[in-house]
Amino acid sequence: MTRPTQFDPEKPPLEHFAAYADGELRGDDLIRLEEWLCAHPEDAVLVEAQQQPSSLCRRSAPPEPTEADWTAAFEKIEIGLASSPPVPAGRSKGWRASTGFKVAMLATAAAAVVAVVLYSERWGVRAIDSDQPADGALAKDQASPGPENEILEEDLAYLWDPAIPILLLSPEDVDILSLDGADDSAIVVGTPPVGKTFSLVSPGDVVLRSAAADVDGVVPEMRVPPGPAAVPMIIAPMIGSNSDQKKP
Amino acid sequence: MAVGTARTLPVQTDDQLLARWAAGDREALEELFQRYRLVAYRVACRLLGNEADALDAVQDGFIKVLTHLPGFQGRSSFKTWLLRVVSNAALDFGRQRRRRDSLSLDGLLAAEREIPHTFLDPALRLERADLRQLLNQALATLSEAQRRTFVLHADAELSYREVAEVLEISIGTVMSRLFYARQKLRAFLAERMP
């Protein structure tokens, strides 16, 4: 078993080796890294290691479609555009606001159930860009649902239908602040379906940055696989963390 | 020897082409498509791990971007926005495919069967397709965020700044994701390549 490399405060951050390999390091960082490499030539392997996968990528570019494929694709785009008139600038935002709120409501409902299942006492993601209370910012702080925003029965059915995705956060929506061994019973932020690569974090370990759909209307989603192990995967406190979700 | 003067038409910017298309010029759209179809296809292909759905992802991406154009203009370049949308579409297709595969398990089993026999003989030269398949499998070991960052940089040849713009993350995060993605890729590949 190899011993971990001793931490050297003078050593440039590892990601600078990647940036150096790509010719993206500038200024003082560049000087510092070059000086380090002069003094520690053995670390040149870190730079070389960064170059290999990119080089393989260039050598294995996928075969280009034929011109006939491109033509067919272009025709489909034209047909698609003809049947989807341009969305005016204002509509996207409106959609985000109403959908964002609905997402928040759905997620809250899901989270409440999850919280019960997990018996978690540690809910409380620090909300940012929000005038809502940061701690325990769950359903209790949410305004009563109005006619536009009330949770319909079909929405609840939607939450529990294992065949239908549940709207969720993507890893890009949160900053992970810490991870430790006690996090294994907490929530999942990661790529569905659970069972492959994912990160386990507890609510206190993340800062929620956004909870709205992407500009292209794609909302991160997660499917609940069958079985009791499927439960601990929903990040709850979407409430009050995004200005789009506030009631007008 | 006759000397001719080459006449080159000035290359129009994306904004100019978009303006022409908005005014009803079909050729402008075709030019935009030709300008970015390959890079979009490469990104979609690599994120999906196959070519079958990649063209669909590219089509979806173009349609989404162009139908939402009025709400987006000025926020970033057309190219970075297109790649953001195409990569989202590709990841979506990938998720749908995984769901289909997980229902039957056929896809997963087939994927497992696909690699090893090719590399049993270390003297066998890696063909381009084999290399691509191997790289796709290596990419599948990365998190979605790492994979996307790597593909946008390596396949789309975007600068760190452009990758940061596409993913709406900091350049520091791009650096970090690339470093760890490539470490992981290298470790995976080292075990399987002669």
Side-chain angles (χ1 to χ4, degrees), chain A residues 13-19 21-22 24-25 46 49-65 69-70 72-74 76-78 80-81 84-93 165 170-172 190-193 195-199 214-218 221 223 225, chain B residues 26 29-30 33-34 37-38 41-42 45-46 51 54-55 58-59 62-72 75 81 84-85 88-89 92 95 98-99 102 128 131-132 134-135 138 141-145 150-151 153-155 159-160 167-169 172 175-176 178-179 181-183 185-186 189:
Chain A
L14 288 172
E15 54 266 33
H16 284 189
F17 287 86
D22 293 324
E24 290 265 4
L25 207 57
L46 285 172
Q50 290 292 304
Q51 289 164 335
Q52 190 216 25
S54 300
S55 153
L56 280 178
C57 215
R58 282 190 290 275
R59 282 165 46 201
S60 65
E64 194 178 338
D69 290 336
W70 285 130
F74 183 71
K76 284 181 187 168
I77 290 170
E78 284 192 304
L81 290 172
S84 317
V87 178
R91 184 171 145 197
S92 179
K93 193 174 177 185
S170 69
E172 289 84 357
T191 306
K196 291 211 167 187
T197 304
F198 60 86
S199 308
D214 290 335
V215 289
D216 57 1
V218 174
E221 62 183 20
R223 183 172 170 230
Chain B
R26 178 184 181 275
L29 177 61
E30 201 163 0
F33 179 65
Q34 285 186 358
R37 65 188 190 181
L38 188 55
Y41 175 76
R42 282 185 180 158
C45 221
R46 199 74 85 176
E51 290 112 48
L55 265 181
V58 172
Q59 285 161 206
F62 267 96
I63 292 170
K64 274 183 184 167
V65 162
L66 292 168
T67 49
H68 288 79
L69 204 57
F72 196 79
R75 284 181 61 183
W81 187 33
R84 175 180 169 78
V85 176
N88 273 338
D92 246 18
R95 290 185 195 116
R98 280 199 298 276
R99 278 179 213 144
S102 65
R128 193 175 171 185
L131 188 57
R132 190 167 56 252
L134 183 62
L135 191 60
T141 67
L142 302 181
S143 71
E144 196 170 281
F150 176 79
V151 167
H153 182 259
D155 279 296
S159 67
Y160 281 20
L167 299 179
E168 296 183 342
I169 55 178
M175 278 186 202
S176 172
L178 279 177
F179 178 83
R182 292 193 285 214
Q183 290 277 87
L185 290 174
R186 189 176 155 83
L189 295 168

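Note on naming: letters A, B, ... go to the chains in the order of the sequence lines (proteins, then strands), and numbering restarts at 1 for each one. The shown structure was predicted, so the numbers you read here are calculated from the model rather than taken from an experiment.
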Options I63(B), D155(B), L55(B), ranked by heavy-atom pairs under 4.5 Å with chain A, top entry: I63(B)
Under 4.5 Å from any heavy atom of chain B - which part of Q51(A): neither
For the residue pair F33(B) and W70(A), categorise the inter-ring angle as parallel (less than 30°), tilted (30 to 60°) or perpendicular (more than 60°). perpendicular
Do any N or O atoms from the side chain of Q50(A) and from the backbone of F179(B) form a donor-acceptor pair under 3.5 angstrom? yes
With only heavy atoms counted, which part of P13(A) is less than 4.5 Å from chain B, the side chain, the backbone, both or neither? neither
Please check this pair: side chain of S60(A) against backbone of L56(A), looking for a donor-acceptor N/O pair closer than 3.5 Å. yes
With chain A as the partner, which of M175(B), R42(B), H153(B) has the greatest number of non-hydrogen pairs under 4.5 Å? M175(B)
Let's test your reading of the structure: which of L178(B), V151(B), L38(B), L185(B) forms the most heavy-atom pairs below 4.5 Å with chain A? L38(B)
Counting C-beta onward and ignoring hydrogens, is there a side-chain heavy-atom pair between D69(A) and E51(B) closer than 4.5 Å? no
Mind checking the CZ-CZ spacing from F74(A) to R26(B)? Nearest 0.5 Å is all I need. 5.0 Å
Which of R37(B), E30(B), Q59(B) touches chain A most, by non-hydrogen pairs under 4.5 Å: R37(B)
